[in-house]
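First up is the structure itself, then whatever we jot down about it.
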Amino acid sequence: MQDARTLNRRSLMHLLAATAAVGILYPSPATAQRGPLVTRPIPSSGEMLPVVGLGSWITFNVGDDEEARDACAAVMQAFFQAGGRMIDSSPMYGSAQEVIGYGLGKLGTPPALFATDKVWISSGARGPEQIEESRRLWGVPRFDLLQVHNLLSWQEHLKTLFAMKADGRLRYVGITTSEGRRHREFAQIMRGQPLDFVQVTYNILDREVEDRILPLARDRGMGVIVNRPFRQGALTRRMERHPLPPWAAEIQCSTWAQFLLKFIVSHPAVTCAIPATTNINHVRENMDAAHGPLPDEAMRRRMVAYVEDL
Ligand SMILES: NC(=O)c1ccc[n+]([C@@H]2O[C@H](COP(=O)([O-])OP(=O)(O)OC[C@H]3O[C@@H](n4cnc5c(N)ncnc54)[C@H](OP(=O)(O)O)[C@@H]3O)[C@@H](O)[C@H]2O)c1
């Protein structure tokens, strides 16, 4: 968590401490072999973010179940230990925000956290109240990024979010959509508003954003967060019935999840993908995709052809 006004020496020291703690500055033999964590700059600030983050829809909506909450906290711990920063949530995700707050309380909020949430309410006037409730549930002093979820009442909510950013109560502003919904209007908002981030669905089989949204994000200097990298698990389940091509080793992929993530984050407009998981091994595997070489354009075409052929 960083305040826009103090994103200087103090946050740099925090980040250095966090990265050293997870072995990036002093890599273990395993890290040295995998290469450093791959990061991308947020276009509007230059701040670096790891190319893999963590989603929370459904996976963290576990209510009061103590065992399940502890399992989510363990996923968060493994995520931070692997150098992860961005956790994404929304008031739409049931108890997920509260469960994140539980995990952060248990772990002691890591300074590296990049807290990403959304505003999702039809009344613009009630946006600030909802944001404050989300902040309370997370237990953080402020969010790094707030996005208007699925463009709901976006005109009114963007006014609130830009005002918060101007006051130093928020660092970045964005909008989200998923599964190709309302891309025309989405692109219009991108053209008209000084957004820091957009969040869209992009994966090896859902590539509609390549035509208009991703190039526009590059032109406008906006970061891109990718949701539904695994089509909510359907893609990994489907791919796991088939062998990984032997040439996946050339880009250091030993699992389908890594293959799918490396495809996404190798697009030059993408800042990070945010796979969700309830499983510690999966979060480690996903974070491993943020190491080693990424596919070039020729390899990306080969990846698409292979998957489309299955
Ligand atoms: N409009 C919006 O703003 C919007 C819409 C959709 C999503 N989102 C955001 O994007 C995030 C990601 O999207 P999503 O939750 O729809 O789905 P997703 O990340 O595409 O898929 C999640 C599923 O993938 C499985 N998985 C994760 N890592 C795996 C691995 N290494 N190997 C095999 N399976 C793995 C998980 O199962 P396990 O638990 O077994 O690992 C989980 O069921 C959301 O959580 C949310 O934060 C935003």
Side-chain angles (χ1 to χ4, degrees), residues 52-62 68 71-72 74-76 78-79 82 84-97 99-100 114-121 134 138 143 145-152 154 157 173-183 185-186 189 195 197-206 209 213 224-242 244 248 253-265 270-291:
V52 178
L54 182 66
S56 66
W57 182 43
I58 300 181
T59 47
F60 279 21
N61 182 16
V62 298
C72 292
V75 164
M76 290 167 65
F79 175 70
R85 292 196 62 199
M86 180 185 287
I87 298 185
D88 174 83
S89 197
S90 168
M92 191 210 243
Y93 301 165
S95 59
Q97 297 180 111
V99 169
I100 290 170
F114 190 95
T116 301
D117 208 281
K118 308 188 187 91
V119 55
W120 181 67
I121 188 162
S134 300
W138 279 64
F143 287 111
L145 164 63
L146 281 170
Q147 308 150 103
V148 180
H149 198 154
N150 289 349
L151 306 186
L152 183 64
W154 64 266
H157 292 317
V173 175
I175 56 174
T176 81
T177 186
S178 63
E179 296 163 82
R181 291 190 197 100
R182 295 168 74 182
H183 276 187
E185 188 181 0
F186 201 83
I189 301 169
L195 302 168
F197 279 99
V198 293
Q199 185 183 137
V200 291
T201 295
Y202 178 48
N203 60 57
I204 203 159
L205 292 181
D206 300 307
V209 289
I213 304 287
V224 176
I225 300 169
V226 172
N227 61 41
R228 298 183 63 82
F230 303 145
R231 278 191 180 172
Q232 214 188 318
L235 214 44
T236 36
R237 282 193 297 275
R238 178 165 153 193
M239 292 302 128
E240 277 157 10
R241 296 200 294 266
H242 304 281
L244 199 60
C253 289
S254 54
T255 68
W256 272 111
Q258 292 169 354
F259 184 98
L260 296 170
L261 286 175
K262 285 209 173 192
F263 173 79
I264 294 167
V265 304
V270 168
T271 311
C272 65
I274 47 167
T277 181
T278 52
N279 179 316
I280 292 192
N281 291 328
H282 285 171
V283 75
R284 291 190 179 128
E285 182 182 333
N286 297 343
M287 287 306 293
D288 266 354
H291 290 269

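Atoms within each ligand, like the ligands themselves, are counted from 1 in listed order. If you're wondering where the values come from, they're calculated on a predicted model, not measured in any experiment.
Set against the non-hydrogen atoms of H149, the atoms of ligand 1 under 4.0 Å away are 1 (N), 2 (C), 3 (O). Atoms of ligand 1 lying under 4.0 Å from at least one heavy atom of T177, given by number and element, are 1 (N). Numbered from 1 in the order shown, with element, the atoms of ligand 1 that lie under 4.0 Å from a heavy atom of S56 read 45 (O), 47 (O). Using a 4.0 Å cut-off to heavy atoms of P275, the atoms of ligand 1 that qualify are 19 (O). Atoms of ligand 1 lying under 4.0 Å from any heavy atom of F230, numbered from 1 in the order shown and given with element: 18 (P), 20 (O), 21 (O), 24 (O), 26 (N), 27 (C), 28 (N), 29 (C). Listed by number with element, the atoms of ligand 1 under 4.0 Å from a non-hydrogen atom of T176 are 1 (N), 2 (C), 3 (O).
Between Y202 and F263, the ring-plane angle classifies as tilted under the 30° and 60° cut-offs. In this pair, H149 and Y93 present their aromatic rings perpendicular. The plane angle is above 60°, beyond the 30 to 60° band.
Between the T271 side chain and the I225 main chain, no donor and acceptor come within less than 3.5 Å of each other. Side-chain atoms of T201 come within 3.5 Å of backbone atoms of E179 as a donor-acceptor pair (strictly under, hydrogens ignored). Side-chain N or O atoms of H282 include none that pairs as donor or acceptor with a backbone N or O of V75 at under 3.5 Å. With hydrogens and angles ignored, the 3.5 Å screen pairs no side-chain donor or acceptor of T177 with any backbone N or O of V200. At distances below 3.5 Å, at least one donor-acceptor pair connects side-chain atoms of K118 with backbone N or O atoms of S89.
For atom 28 (N) of ligand 1, the closest non-hydrogen atom of the protein is N286 ND2, 3.0 Å. For atom 47 (O) of ligand 1, the nearest non-hydrogen atom of the protein is D88 OD2, 2.6 Å. In terms of protein heavy-atom proximity, atom 39 (O) of ligand 1 is nearest to T278 OG1, 2.6 Å. Remark: minimum distance from atom 12 (C) of ligand 1 to any protein heavy atom is reached at I274 O, 3.1 Å. Among all protein heavy atoms, the one lying closest to atom 34 (N) of ligand 1 is T236 OG1, 3.5 Å. Residue, atom and distance of the protein heavy atom nearest to atom 6 (C) of ligand 1 are R228 CG, 3.7 Å. Regarding atom 36 (C) of ligand 1, its nearest protein heavy-atom neighbour is A276 O, 3.4 Å.
Note: an N/O pair closer than 3.5 Å links W57 and ligand 1 by distance alone. The shortest N/O to N/O separation between T59 and ligand 1 does not fall below 3.5 Å. An N or O contact shorter than 3.5 Å links G233 to ligand 1 by distance. Checking only distances, G55 never comes within under 3.5 Å of ligand 1, N or O to N or O. Considering backbone and side-chain atoms alike, A257 places every N or O at 3.5 Å or more from each N or O of ligand 1.
Using a 4.0 angstrom heavy-atom cutoff, I58 does not count as in contact with ligand 1. Using a 4.0 Å heavy-atom cutoff, Y93 is listed among the residues neighbouring ligand 1. Taking 4.0 Å as the cut-off, K118 counts as a neighbour of ligand 1 on heavy-atom distance.
Between F79 and G53, the closest heavy-atom pair is CE1-C, 3.5 Å.
Tested against I264 for a side-chain contact (heavy atoms from CB on, under 4.5 Å), the candidates V224, V52, N203, I204 yield a single pass: N203. Here the options are N150, V209, I175, the test is side-chain contact (heavy atoms from CB on, under 4.5 Å), and the partner is F186; only I175 passes.
Counting heavy atoms from C-beta outward, D206 and R228 have side chains that stay 4.5 Å or more apart.
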Q147 vs T176, test: side-chain hydrogen bond (donor to acceptor under 3.5 Å, both in side chains). Steps then yes/no.
CA-CA 6 Å; Q147 308 150 103; T176 81; 5.8 Å; no

Decide side-chain contact (heavy atoms from CB on, under 4.5 Å) for I274 and I87; before the verdict, give the C-alpha distance in whole Å, the side-chain angles of both, and the deciding distance to 0.1 Å.
CA-CA 8 Å; I274 47 167; I87 298 185; over 6 Å; no

Dump the intermediate steps for side-chain contact (heavy atoms from CB on, under 4.5 Å) on L260 and T236, then the final yes or no.
CA-CA 8 Å; L260 296 170; T236 36; 4.0 Å; yes

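Within a 6.0 Å sphere centred on CZ of R238, heavy atoms belonging to other residues, nucleotides or ligands number 12 at most.
Only the side chain of N150 comes within contact range of ligand 1, with a heavy atom under 4.0 Å; no backbone atom does. Under 4.0 angstrom from ligand 1, the non-hydrogen atoms of E285 all belong to its side chain. Using a 4.0 Å cut-off between heavy atoms, N227 contacts ligand 1 through both its backbone and its side chain.
Closest heavy-atom approach to atom 30 (C) of ligand 1 among the candidates Q199, R181, H282: H282. With distances taken over non-hydrogen atoms, the option nearest atom 17 (O) of ligand 1 out of Q147, Q232, R231, M92 is Q232.
Between the side chains of S134 and Q97, a donor-acceptor pair is found at a separation under 3.5 Å.
Put simply, atom 24 (O) of ligand 1 has protein non-hydrogen atoms near it, under 4.0 Å away.
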